[in-house]
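Down below is the structure, laid out as structure tokens.
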Amino acid sequence: MKTALIIPAYKPGREMLELLEQFRGNADFCPVVVDDGSGEHFREIFDAVPDFAVLLRHEVNRGKGAALKTAIAHVLANMPDCALALTADADGQHRYEDILRVNASAQAHPGALVLGGRRFDGEVPLRSRMGNAITRQVFAIASGAKVYDTQTGLRAFDRAAMERFMKVGGDRYEYEINMLLDAAQSGMPIVEETIETVYLNDNSSSHFNPFKDSLKIYMCIFKFGLSSLLAAVIDYVLVLVLSALTAGLGAEISLAVSVVGARLVSASVNFCVNRSVVFKGNETLGKALAKYAALAVGILAANYLLMRLTTIVLHWPLALAKLAVEALLFVVSLMVQGRFVYRGSGKGRA
């Protein structure tokens, strides 16, 4: 079983050449390097790429995601002997031994997306440590998958996944997060192999823009919360409307009718949008609906009890109480839906 070793490269140093040389004579790997519009100043580096590697070029910089897609498309069209694709960065962060370990894990877990996960021990730049910690938590809430290192560039997957990932959106750093989200949505097993955390010269060779690229990544992740936010807005407006319409029935009855009526409408919208657009999980319609119904009942009960506590017992204004309760239940609902409602057992996921 051969593996296409894909290295997207933008203005690389000699670390890339040193990594490639370690694969000289290793018949299990077929290196594919993509020059992502690095320019004439880096022509010497790419001219020194060993002749056993395939060199592809972008005339202008198109982004890491675009470079990965260019390489994957080449492997699918021209390298039928390569059953696996393994992506590695060009900046020296991925050691030869770790690449071999991730490749072996991919062979042992057919159909899985295997990640080389760093644990960020030792001397790690603060922006890298904090960025990964935040993304890890947000990704877990949004996708239902626990991945320690969401930003690792060391990944291995089979030809079926290559075909799938070619359709994933994003041309720059957000592509790698989109790839993870797509794998989680589809129920593809995600396996992490611990690798060494390597940062050279405080990660000065990285072209990752902490603000611009992080914004793209978080925007991709937070789209999972928009459906719940939409449902919350519908629920909020309907509670106020129904409360005004049923004011003459007394506080207890008016509150019950308003909360239940608004929740029935907003929950229906939320389920339909989440299943068809947001989570796109692998759970059957019947099971997903049953799980969602159980969640909706629980959320409804919690909503009513919290609203009763805040408005009738604590005498909070209705609008303020509704905002506070919805903020709390929004987080709970998003976590439960992402992790359990739309996905089956997820066997094989690490």
- Message: Run Asp35 and Val49 through side chain to side chain contact (heavy atoms under 4.5 Å, CB included) and show every step you take.
- Response: CA-CA 11 Å; Asp35 172 9; Val49 169; over 6 Å; no
- Message: Under the criterion ring pair (Phe, Tyr, Trp, His ring centres under 6.0 Å), I'd like the reasoning laid out for Tyr96 against Phe23: C-alpha separation, chi angles, the key distance, then a yes or no.
- Response: CA-CA 8 Å; Tyr96 178 76; Phe23 287 91; 4.8 Å; yes
- side chain to side chain contact (heavy atoms under 4.5 Å, CB included) between Ile72 and Phe157, intermediate numbers included: CA-CA 11 Å; Ile72 293 172; Phe157 42 91; 4.0 Å; yes
- Go through the steps for Arg308 and Val259 under the test side chain to side chain contact (heavy atoms under 4.5 Å, CB included), then give the verdict. CA-CA 10 Å; Arg308 187 181 187 282; Val259 170; over 6 Å; no
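Separation of atoms CG (Leu20) and CD1 (Ile7) is listed at 4.5 Å; rounding is to 0.5 Å. Note: Leu300 CG to Leu264 CG = 7.0 Å, rounded to the nearest 0.5 Å. To the nearest 0.5 Å, atom CE of residue Met179 and atom CE of residue Met166 are 10.5 Å apart. Here Asn103 contributes atom CG and Asp28 contributes atom CG; the two are 7.5 Å apart, rounded to the nearest 0.5 Å. Taking CD from Gln107 and CG from Leu84, the interatomic distance works out to 6.0 Å, rounded to the nearest 0.5 Å. One distance of note links NZ of Lys11 with NE2 of His41; it measures 8.5 Å at 0.5 Å rounding.
Under the 3.5 Å distance criterion, the side-chain polar atoms of Ser243 are left unmatched by any main-chain donor or acceptor of Ser258. With hydrogens and angles disregarded, a donor-acceptor distance shorter than 3.5 Å links the side chain of Glu192 to the backbone of Tyr148. Judged by distance alone, the side chain of Arg57 and the main-chain N or O of Ser38 form no donor-acceptor pair under 3.5 Å. Remark: the backbone N or O of Ala66 is paired with a side-chain donor or acceptor of Thr70 at under 3.5 angstrom. Using modelled atom types, no side-chain atom of Ser266 and backbone atom of Ile234 make a donor-acceptor pair closer than 3.5 Å. In terms of modelled atom types and a separation under 3.5 Å, the side chain of Asn178 and the main chain of Val168 share no donor-acceptor contact. Side chain of Asp91 to main chain of Gln93: a donor-acceptor pair is present (N/O by atom type, distance under 3.5 Å, no hydrogens or angles). At distances below 3.5 Å, at least one donor-acceptor pair connects side-chain atoms of Arg155 with backbone N or O atoms of Glu176. A distance-only check finds no donor-acceptor pair linking the side chain of Asp171 to the backbone of Gly63 [under 3.5 Å]. Judged by distance alone, the side chain of Arg159 and the main-chain N or O of Leu76 form a donor-acceptor pair under 3.5 Å.
In this structure, a donor-acceptor pair under 3.5 Å is absent between the side chains of His94 and Asp98.
For the pair Leu113/Leu180, a side-chain contact is recorded, criterion being any heavy-atom separation below 4.5 Å from C-beta on. For the pair Ile99 and Phe29, the minimum side-chain heavy-atom distance is below 4.5 Å. Between Pro12 and Ile45 the shortest side-chain heavy-atom distance falls below 4.5 Å. Annotation: side chain of Lys167 is not in contact with side chain of Asp182 (no heavy-atom distance under 4.5 Å). When side chains are defined from C-beta on, Arg172 counts as touching Asn61, because their heavy atoms get closer than 4.5 Å.
Taking the six-membered ring for Trp, Phe42 and Tyr10 have ring centres at least 6.0 Å apart.
The residues Lys322 and Asp235 are annotated as salt-bridged, a charged nitrogen and a carboxylate oxygen being separated by less than 4.0 angstrom. Ion pairing between Asp81 and Lys2 fails under the 4.0 Å rule for side-chain N and carboxylate O. Salt-bridge formation is detected for the pair Glu196/Arg95: a Lys NZ or Arg NE/NH1/NH2 atom is positioned less than 4.0 Å from an Asp or Glu carboxylate oxygen.
With hydrophobic clusters built from ILVMFWY side chains whose heavy atoms lie under 4.5 angstrom apart, Leu318 shares a cluster with Leu306.
Annotation for Ala106 and Val114: closest pair CA-CG2, 3.6 Å, computed over non-hydrogen atoms.
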